[in-house]
Amino acid sequence: MSRYVLDHRLEGEKKRLALMSQLLDPMHRRQIESLGISHEARVLEVGCGNASMSAWMAEHIAPEGQIVALDLDLSLVDNVRAPSVEFRQGDIVTGPVDPGGFDFVTARAVLHHVADAEAAIGNLVANLRPGGAILLIEPDFLPVSVAEPIEIRTFWSGWLAWSRTRGIDYHIGRTLAPRLAAYGLKEIEGTAETAIYNGGSRWADYWRETITELRGDLVQSGKLNDALVDAFLAQCADPELVDPDNRIYCRSRECAGQLTR
């Protein structure tokens with residue numbers, strides 16, 4: 001099984017993922033709504049986390065269909081009440097969930113963590129029925145290369161160096177379109193959204209929670225030190241801070257007959 005650096009059972013992870021849902025769910029919903037998914041669709045969400053999107057899709061996107069929500073760890077969905085959502089524990093790297101069995105497949109903030117992104121993307125695509133649609137949302141941290149002040153830019157440089165040692169690809173977003181095209185998908189579109197935020201905002205709170213959880217590993221790696229981490233956390237509490245965080249998503253609607261492997 002693949003393993004995430006940010007394990008669901010880490011102290012504070014429930015709060016951190018709740019913040020992520022508040023920040024990213026609105027954009028995720030907009031993109032799904034633009035695809036015109038059938039109300040009777042069979043839908044797969046990979047990396048469902050706290051199930052905020054799966055529960056929403058069951059009510060608003062496919063109320064007459066079925067939602068299958070997959071994650072390595074289902075500990076955060078114990079109290080979720082969504083009768084039409086079927087939760088499954090599994091690893092998308094090891095194989096498709098139901099080959100050719102879904103009208104719509106989506107995954108958010110999953111591929112940059114997995115050990116074999118190519119295998120994961122192939123398995124995501126393999127779940128699609130001919131004519132189905134796939135929506136992937138992943139990061140591209142290009143904007144942090146121009147972050148100000150210099151202490152913040154230096155922190156992000158160390159963060160990216162640390163992430164590479166942990167097998168995390170924070171630039172994978174820019175590769176989604178060609179990766180999907182390689183599987184014969186058509187009508188591929190890619191769009192980037194960048195959040196510019198102040199200290200004390202929800203984005204700053206999200207990063208404060210994330211860095212606090214990972215602080216020990218960040219410093220132990222030698223890519224960052226306590227002084228840089230402290231400077232970053234102080235800036236997260238400063239309303240004058242403006243810092244970019246980039247999310248890039250790629251969505252595709254493919255033609256019938258082009259999903260055989």
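Quantities reported herein were computed from a predicted structural model and do not represent experimental measurements.
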Q. Between the side chains of Ser163 and His112, does any donor sit under 3.5 Å from an acceptor?
A. no
Q: Please examine the side chains of Leu136 and Arg179, heavy atoms only from C-beta on, and report whether any two atoms are closer than 4.5 Å.
A: no
Q.
Working note: Val144 + Leu160, criterion side chain to side chain contact (heavy atoms under 4.5 Å, CB included); need CA distance, chi angles, decisive distance, verdict.
A. CA-CA 10 Å; Val144 303; Leu160 292 174; 4.1 Å; yes
Q | Those residues that, when tested against Asp205, pass salt bridge (charged side-chain N to carboxylate O under 4.0 Å, His left out) (two or more places apart) | A | Arg208
Q. Heavy-atom distance under 4.5 Å between the side chains of Val46 and Asn123, does that happen here?
A. no
Q | Pair Asp71-Glu45, side chain to side chain contact (heavy atoms under 4.5 Å, CB included): steps then yes or no | A | CA-CA 9 Å; Asp71 206 294; Glu45 183 189 13; over 6 Å; no
Q: Evaluate the side chain to side chain contact (heavy atoms under 4.5 Å, CB included) criterion for residues Leu218 and Leu228: first the C-alpha distance (whole Å), next the side-chain angles of each, then the deciding distance (0.1 Å), finally the verdict.
A: CA-CA 10 Å; Leu218 291 169; Leu228 279 172; over 6 Å; no
Q. Salt bridge or not for Arg108 and Asp25, using N-O below 4.0 Å?
A. yes
**Q.** With sequence neighbours excluded, residues passing ring-ring contact (aromatic ring centres under 6.0 Å, His included) with Phe155
**A.** Phe232
Q: Determine whether Leu74 and Cys48 make a side-chain contact, defined as any pair of heavy atoms from C-beta on separated by less than 4.5 Å.
A: yes
Q: Locate the shortest heavy-atom distance separating Ala133 from Leu128; write the atom from each residue and the value.
A: O-CD2, 3.3 Å
Q: With side chain to side chain contact (heavy atoms under 4.5 Å, CB included) as the test, would you mind laying out the steps for Asp230 and Arg215 before giving the verdict?
A: CA-CA 10 Å; Asp230 286 338; Arg215 179 174 188 141; 2.7 Å; yes
Q | From Glu33 atom CD to His60 atom NE2, the distance as rounded to the nearest 0.5 Å | A | 8.5 Å
(Q) Restricting to non-hydrogen atoms, name the atom on Asn127 and the atom on Val97 that form the minimum distance, rounded to 0.1 Å. (A) OD1-N, 2.8 Å
(Q) Counting C-beta onward and ignoring hydrogens, is there a side-chain heavy-atom pair between Met53 and Thr106 closer than 4.5 Å? (A) no
Q: Output all residues satisfying salt bridge (charged side-chain N to carboxylate O under 4.0 Å, His left out) with Glu40, sequence neighbours left out; order by chain, then residue number.
A: none
Q.
Could you tell me if the side chain of Trp207 sits less than 4.5 Å from the side chain of Trp159, heavy atoms only?
A. yes
**Q.** Approximate separation, where rounding is to 0.5 Å, of Glu13 CD and Asn50 CG
**A.** 10.0 Å
Q) Taking side chain as C-beta onward, heavy atoms only, is Arg30 less than 4.5 Å from Glu193? A) yes
Q: Assess whether salt bridge (charged side-chain N to carboxylate O under 4.0 Å, His left out) is satisfied between Asp169 and Arg174, documenting all intermediate values.
A: CA-CA 11 Å; Asp169 184 359; Arg174 68 188 66 173; over 6 Å; no
Q: Could you check if a side-chain atom of Val68 sits within less than 4.5 angstrom of a side-chain atom of Phe102, using non-hydrogen atoms only?
A: yes
Q. Is there side-chain contact between Trp56 and Ile61, with heavy atoms separated by less than 4.5 Å?
A. yes
